[in-house]
Amino acid sequence: LDTMKTYFLCLSVLLAQKKFIYHYKNMRWAKGRHETYLCFVVKRRVGPNSLSFDFGHLRNRSGCHVELLFLRLLEAGALYSVGLCYSVTWFCSWSPCSDCSYRLAQFLSQTPNLRLRIYVSRLYFCDPEDSSAREGLRMLQRAGVQITVMNYEDYFYCWQTFVACRQRVFKAWDGLHQNSVQLARKLNDILQPGEAEDWGDAFELLGL
DNA sequence: ATTTTCAAT
């Protein structure tokens with residue numbers, strides 16, 4: 001019960017502006033981001049024409065990745081009860097590691113009444129083409145998860161929704177758009193493997 | 001060109 005109280009306490013607090021900027025900045029070399037934040041919205045269908053919402057944020061704690069903390073929260077019944085339809089959208093500062101992807105896919109296969117959409121600010125350990133993190137993302141996609149790289153609008157939305165912004169308008173950092181485009185391209189390569197080679201083949205065929 | 005990563009000290 002105390003654990004649950006702690007969770008609810010965490011959920012009720014808005015993120016500090018500096019913390020949000022620091023951890024969600026989508027720069028290529030995100031030095032020192034040894035924490036991961038997860039901002040979420042849980043939409044619940046409680047009647048034919050009515051929805052209820054929960055929102056908040058979590059961060060990883062004591063060696064537990066934030067995605068698994070979120071799953072624990074769901075499983076503890078804090079945000080979830082059987083028989084209702086859910087849609088969960090979360091905005092994470094790092095993309096999930098392979099292990100979290102695996103566990104999420106497992107969870108989702110047992111929970112058909114839950115839809116998950118994941119927005120990520122940066123890609124976690126996805127540089128090598130054969131990395132398990134990349135494979136994990138593909139597994140999530142096959143499990144029906146929509147994975148997207150955050151863009152300006154997404155940061156804007158998060159700022160309004162999860163940050164103690166006190167009516168201060170979100171101000172983009174240098175390179176936000178460029179970095180987002182680059183990361184989106186990379187994620188696209190990860191999720192649609194083979195496309196690049198197809199192009200290569202096409203060029204070869206055309207003698208280019 | 002190169003740099004980092006849900007830490008470990």
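Lettering follows sequence order; numbering is per chain, from 1.
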Would one find a side-chain N or O of Y37(A) under 4.0 angstrom from OP1 or OP2 of dC6(B)?
no

Does a side-chain N or O from H34(A) land closer than 4.0 Å to OP1 or OP2 of dT5(B), or not?
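Result: yes.
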
Quick one: [X] [atom1] to [N] [atom2], roughly how many Å, whole number?
X: N60(A); N: dA8(B); atom1: CG; atom2: P; answer: 11 Å
X: K186(A); N: dT5(B); atom1: NZ; atom2: C1'; answer: 11 Å
X: R33(A); N: dT4(B); atom1: CZ; atom2: P; answer: 12 Å
X: F125(A); N: dA7(B); atom1: CZ; atom2: P; answer: 11 Å
X: D127(A); N: dT3(B); atom1: CG; atom2: P; answer: 11 Å
X: F91(A); N: dC6(B); atom1: CZ; atom2: P; answer: 22 Å
X: L58(A); N: dC6(B); atom1: CG; atom2: P; answer: 17 Å
X: K31(A); N: dT2(B); atom1: NZ; atom2: P; answer: 16 Å

For DNA chain B, determine which residues of residues 15-30 of chain A have any heavy atom closer than 4.0 angstrom to one of its atoms, and list them numerically.
R28(A), W29(A), A30(A)

Does anything in residues 169-188 of chain A pair up under salt bridge (Lys or Arg N to Asp or Glu O under 4.0 Å), and if so which pairs, sequence neighbours excluded?
D127(A)-K186(A)

Ring-base stacking, W94(A) with dT5(B) (5.5 Å, 30° cut-offs):
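No, aromatic ring not over the base.
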
When you compare dT2(B) with dC6(B), how far apart are their C1' atoms, in angstrom units rounded to a whole number?
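That atom pair is separated by 25 Å.
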
P atoms of dT3(B) and dA7(B), separation to the nearest Å
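About 22 Å, rounded to a whole number of Å.
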
Are R138(A) and E135(A) ion-paired here, with the side-chain N under 4.0 Å from a carboxylate O?
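A salt bridge is present here (some side-chain N lies under 4.0 Å from a carboxylate O).
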
Polar contact flag, side-chain donor to acceptor under 3.5 angstrom, Y124(A)-T36(A)
no

Is it the case that the side chains of N26(A) and W173(A) hold a donor-acceptor pair, with the cut-off being a distance below 3.5 Å and no angle test?
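Indeed, the side chains of W173(A) and N26(A) share at least one donor-acceptor pair under 3.5 Å.
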
Using a 4.0 Å heavy-atom cut-off, does S121(A) contact any base of the nucleic acid, only the sugar-phosphate backbone, or nothing at all?
nothing

Run the ring pair (Phe, Tyr, Trp, His ring centres under 6.0 Å) check on F162(A) and Y37(A) step by step: do they pass?
CA-CA 11 Å; F162(A) 305 107; Y37(A) 281 78; over 10 Å; no

My understanding is that only one of I21(A), V169(A), D154(A) makes a side chain to side chain contact (heavy atoms under 4.5 Å, CB included) with W159(A); could you say which?
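Answer after filtering I21(A), V169(A), D154(A): I21(A).
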
Ring centres of Y119(A) and W90(A) under 6.0 Å apart?
no

